[in-house]
Q: 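The structure's right below; bear with me while I get my questions together.
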Amino acid sequence: MSVKITIIGTGYVGLVSGACFAELGHDVICVDADQRKIDMIAEGRMPIYEPALDQLVARNVELGRLRFSNSTKDSVKGRDAVFIAVGTPSDGAGRADLRFVFAAAMEVANAIDQFTVIVTKSTVPVGTNHQVYSRVLERLGHPDAFAVASNPEFLREGAAIQDFMEPDRVVIGCENDRAKAVMERIYAPLTVKGSRLVATNIETAEMIKYAANAFLAIKVSFINEVADLCEVINANVNDVALGIGLDHRIGAAFLKTGPGWGGSCFPKDTRALLMTARDAGMPATIVQSAIEANVSRKKSMVERVRRMCGGSVAGKKIAVLGVTFKGQTDDMRESPSLDILPPLVLEGAVVEAYDPSNPHDAAALLPEVTMAESAIAAATDADLIVVLTEWMIFTTIDLAELASVMRTPALLDLRNLFDRGKAEAAGFTRYVSLGQTGESIGDLAIAEPSAAINQ
Ligand code: UDX
C-alpha cells in the first residue's frame with residue numbers, strides 16, 4: 001500500500017532514496033532548498049553522478065510517483081513520513097555538524113498537520129534522534145502528533161540504487177508502535193522479497209550505522225597493511241584476500257588494497273565514532289589505529305611515486321588515472337588524490353590527470369593539476385602513469401597505446417587494476433602494484449577443472 005513520503009535533501013542519499021521509494025510504489029516528494037538542483041532535475045540532469053539514477057527518476061516522475069519542490073512547508077502537510085537526508089559534515093573537531101538536521105526537523109515541526117513519522121536517514125551520532133524528538137516535542141507541545149525513527153542508509157556511491165533495492169538489511173530504530181507500522185509499510189516491498197528488517201531501539205540503529213562503516217574502514221586498513229607486509233615476504237595480497245575472503249566469517253568484500261580510503265562517509269563516520277567514544281569516556285583504539293594507518297598510507301603513496309621516478313619527481317611528468325575517492329563516482333571528498341598529488345607538484349612534478357567523471361570540483365580542489373580529456377592525453381610524454389581509482393573503464397584502455405605515447409613507459413598501479421604480464425607485454429618497462437611481489441597464480445577453482453587436474 002502506497003505511503004506518502006517526503007524526503008528533505010536531494011543529495012547522494014536523499015535523491016537515490018526518493019527515487020527508489022517511488023520505484024517501490026510510494027508517493028514521494030523530494031525537497032531541496034537549492035532551486036538550481038530542482039531545476040536541473042526537472043530538465044532530466046542529475047545533481048549527482050550515480051549510474052542509472054536519471055532513468056529511475058525520469059520513469060517515476062513520468063508515472064507521477066515522484067515530484068520535486070524547494071519548499072519544506074508545502075511538502076510536509078498530509079504526509080505519512082518525512083525523511084531527513086541532509087548533510088552532516090564533520091566540523092573542525094571531527095564531530096558531525098547537525099545544524100542542517102535540526103533545521104530540517106524544525107521546518108517539519110512547523111508544517112505537519114497530521115501524525116507524521118520524522119525519520120532521520122542522515123548519518124547522525126548516537127542520541128541525535130532523541131534530540132530531534134525533544135526539539136519537535138517542545139515546538140508541538142504534544143507527543144501524539146508525531147514520532148521519530150532512525151533509518152540509516154548503507155548505500156555505496158556508484159552502487160547506491162542496487163544497495164537500496166537489494167539491501168542486506170533494513171535497519172529501523174523506533175520506539176513508537178504506530179511509527180513502526182508506517183516504517184514496515186514503507187519497506188514492505190523489500191521485506192516481502194526477503195530483505196531482512198532489523199527493528200531495534202533508536203540508539204542501537206544509530207550505532208549500527210557507525211559500527212558498520214567503521215568496521216569496513218578497519219577491514220580496508222587491515223588489507224592495506226597486509227599488502228605492505230606481502231611486499232617484504234614475497235607474498236601476493238590478491239591471493240591473501242582470496243584465501244581469507246573465502247572464509248564465510250570474513251567475506252571477500254572490502255579486501256581490495258588501494259591508496260587509502262576516502263569519501264564522504266568513512267573519514268567522517270570514523271571520526272564521529274571516535275568522538276562518541278571519547279564523550280562516553282570509552283577507548284576506541286582500533287578505530288583510532290585504522291584512521292592513523294589510513295593517513296600514513298596516503299603519505300606513503302607519495303614515497304612510492306618518488307621511488308618509481310628514481311628518487312625525485314622534479315622535472316617529471318606524471319599522468320594520473322582517476323582523482324575521485326574511488327571509481328564509478330564523481331565525488332572527490334577526502335579523496336586520496338588530495339593528499340598524494342599536491343606534494344608531487346610541490347616537489348617539481350608536472351601532474352596531468354584524467355578522470356572519466358570529469359569532477360566539477362577538480363580544478364578547485366586540485367588547482368595545481370591539469371585535467372586531461374583522455375588517458376592518452378594525460379599519458380603523452382609522461383614519465384609515469386599512476387592509477388589512483390578503480391574505474392571499470394580503465395580496464396578496457398589500450399595499454400600498448402598508452403605506453404607508446406609516454407617518454408618512459410612506467411606504470412604504478414595503486415589499485416592492482418592491471419596485470420603485470422599484460423602491462424609488460426604492452427610495452428611498460430616498469431610495472432609496480434601493491435602487495436604483489438609474489439606472483440599470483442589466481443583462483444584455480446575458477447579455472448577449467450581439467451586445467452587444475454593437469455597441474
Ligand atoms: C560507504 C559504505 O560502503 C556505505 O555502506 C555507506 O552507506 C557510505 O559509506 P562509500 O563511501 O560510497 O560507501 O564508499 P565505499 O565503496 O564503501 O568505499 C569507501 C572507501 O574505501 C573508498 O575510498 C574505496 O576506494 C575504499 N575501498 C573500498 C578500498 O580501498 N578497498 C575496498 O575493497 C573497498
Side-chain angles (χ1 to χ4, degrees), residues 11-14 16-17 20 48-51 85 87-90 96 121-124 151-164 166-171 205-206 208-228 237-238 240-242 244-245 250-273 290-291 293-295 297-298 301 321-340 355 357 387-392 394 413-417 433-435:
Y12 285 96
V13 174
V16 170
S17 301
C20 289
I48 60 167
Y49 182 99
E50 189 61 49
T88 55
S90 282
K121 189 168 264 297
S122 301
T123 302
V124 292
N151 177 217
E153 50 81 21
F154 302 97
L155 309 180
R156 291 165 297 158
E157 289 182 21
I161 294 173
Q162 179 195 336
D163 287 347
F164 191 103
E166 297 161 20
D168 291 329
R169 73 321 198 173
V170 174
V171 172
E206 292 167 330
I208 287 171
K209 169 66 184 178
Y210 281 104
N213 260 12
F215 184 81
L216 291 169
I218 290 162
K219 193 174 181 185
V220 174
S221 283
F222 176 74
I223 200 65
N224 284 340
E225 201 159 78
V226 166
D228 288 354
V237 70
N238 287 2
V240 170
L242 176 67
I244 65 174
I250 296 172
F254 282 63
L255 285 176
K256 287 196 185 74
T257 188
W261 39 263
S264 63
C265 296
F266 278 15
K268 166 174 71 72
D269 295 351
T270 47
R271 286 193 293 263
L273 184 55
I291 293 171
N294 195 55
V295 169
R297 181 166 193 78
K298 291 188 270 191
M301 296 295 119
L321 295 186
V323 291
T324 49
F325 80 95
K326 65 172 183 174
Q328 286 61 249
T329 183
D330 67 346
D331 197 343
M332 289 185 66
R333 286 175 287 184
E334 304 211 34
S335 169
S337 63
L338 304 180
D339 294 290
I340 296 168
D355 192 291
S357 71
V387 181
L388 275 187
T389 59
E390 72 295 9
W391 274 93
M392 283 187 279
F394 291 159
D413 184 359
L414 299 182
R415 289 287 184 170
N416 291 1
L417 203 58
S433 56
L434 298 178

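Every heavy atom of this structure was used, including side-chain atoms; hydrogens, water molecules and symmetry mates were not. All ligand and atom numbering here is 1-based and tracks the order in the structure.
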Q: Mind running side-chain contact (heavy atoms from CB on, under 4.5 Å) on Lys256 and Ile223 for me, showing each step along the way?
A: CA-CA 7 Å; Lys256 287 196 185 74; Ile223 200 65; over 6 Å; no
Q: Specify the protein heavy atom at minimum distance from atom 4 (C) of ligand 1: its residue, its atom name, and the distance to 0.1 Å.
A: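 The protein heavy atom lying closest is Leu155 O, 3.5 Å.
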Q: Can you name the closest pair of heavy atoms from Glu390 and Gly327 and give their distance?
A: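 Result for this residue pair: OE1-N, 3.1 Å.
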Q: So which protein heavy atom does atom 22 (C) of ligand 1 come closest to, and at what separation?
A: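 Looking only at protein heavy atoms, the one closest to atom 22 (C) of ligand 1 is Phe325 CD1, 3.6 Å.
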Q: Any heavy atom of Cys265 closer to ligand 1 than 4.0 angstrom?
A: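 Per 4.0 Å heavy-atom rule, Cys265 contacts ligand 1.
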Q: Begin with the C-alpha distance, continue with both residues' side-chain angles, and end with the deciding distance and a verdict on side-chain contact (heavy atoms from CB on, under 4.5 Å) for Tyr12 and Asp331.
A: CA-CA 10 Å; Tyr12 285 96; Asp331 197 343; 3.6 Å; yes
Q: Under 4.0 Å from any heavy atom of Arg415, which atoms of ligand 1 are there?
A: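 Counting from 1, the qualifying ligand atoms are 25 (O), 30 (O).
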Q: Please confirm whether Gly263 comes within less than 3.5 Å of ligand 1 when only nitrogen or oxygen atoms on both sides are compared.
A: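 N/O-N/O distance below 3.5 Å does not exist for this pair.
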Q: Among protein heavy atoms, which lies nearest atom 2 (C) of ligand 1, and at what distance?
A: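 Its nearest protein heavy-atom neighbour is Asn213 OD1, 3.4 Å.
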Q: Please list the nearest protein heavy atom to atom 21 (O) of ligand 1 with its residue and the distance rounded to 0.1 Å.
A: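 Result for atom 21 (O) of ligand 1: Trp261 CB, 3.4 Å.
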Q: Between atom CD1 of Ile208 and atom CZ of Phe154, what is the distance when rounded to the nearest 0.5 Å?
A: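 Answer rounded to 0.5 Å: 6.5 Å.
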Q: With heavy-atom distances below 4.0 Å as the criterion, list the atoms of ligand 1 near Glu153.
A: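 By the 4.0 Å cutoff, the relevant atoms are 7 (O).
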Q: For Trp261 and Leu216, run side-chain contact (heavy atoms from CB on, under 4.5 Å): C-alpha distance rounded to whole Å, both residues' side-chain angles, the deciding distance at 0.1 Å, then the answer.
A: CA-CA 10 Å; Trp261 39 263; Leu216 291 169; over 6 Å; no
Q: Identify the closest protein heavy atom to atom 24 (C) of ligand 1: which residue and atom is it, and at what distance?
A: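 Among all protein heavy atoms, the one nearest atom 24 (C) of ligand 1 is Lys326 CB, 4.0 Å.
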Q: Should the ring pair Phe266 and Phe254 be called parallel, tilted or perpendicular, given that the plane angle runs from 0 to 90° and is split at 30 and 60?
A: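 Tilted.
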Q: Kindly give the heavy-atom pair with the smallest separation between Leu155 and Ala160, and that separation in Å.
A: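 Reported closest heavy-atom pair: CD2-O, 3.6 Å.
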Q: Which residue and atom name correspond to the protein heavy atom nearest atom 13 (O) of ligand 1, and how close is it?
A: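 Its nearest protein heavy-atom neighbour is Arg156 CA, 3.7 Å.
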Q: Polar-atom distance check: Gly258 versus ligand 1, any N or O pair below 3.5 Å?
A: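 Min N/O separation from ligand 1 is not below 3.5 Å for Gly258.
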Q: So, 4.0 Å and heavy atoms of Lys209: is ligand 1 close enough to count as a contact?
A: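 True for this residue.
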Q: Is the shortest N/O to N/O distance between Val220 and ligand 1 below 3.5 Å?
A: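 N/O-N/O distance below 3.5 Å does not exist for this pair.
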Q: Looking at non-hydrogen atoms alone, which of Glu390, Glu157, Arg333, Lys256 comes nearest to atom 12 (O) of ligand 1?
A: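 Comparing heavy atoms across Glu390, Glu157, Arg333, Lys256, the nearest one to atom 12 (O) of ligand 1 lies in Glu157.
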Q: What atoms in ligand 1 come closer than 4.0 Å to a heavy atom of Leu255?
A: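 Selected atoms, number and element: 33 (O).
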Q: Is there a side-chain contact (heavy atoms from CB on, under 4.5 Å) between Leu417 and Trp391 once you walk through the steps?
A: CA-CA 9 Å; Leu417 203 58; Trp391 274 93; 6.0 Å; no
Q: To which protein heavy atom is atom 1 (C) of ligand 1 closest, and what is the distance rounded to 0.1 Å?
A: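 Result: Phe266 CE1, 3.7 Å.
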Q: Might you confirm whether atom CZ of Phe222 has over 12 heavy atoms from other residues, nucleotides or ligands at distances under 6.0 Å?
A: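 No - once you tally the heavy atoms of other residues, nucleotides and ligands closer than 6.0 Å, there are 12 at most.
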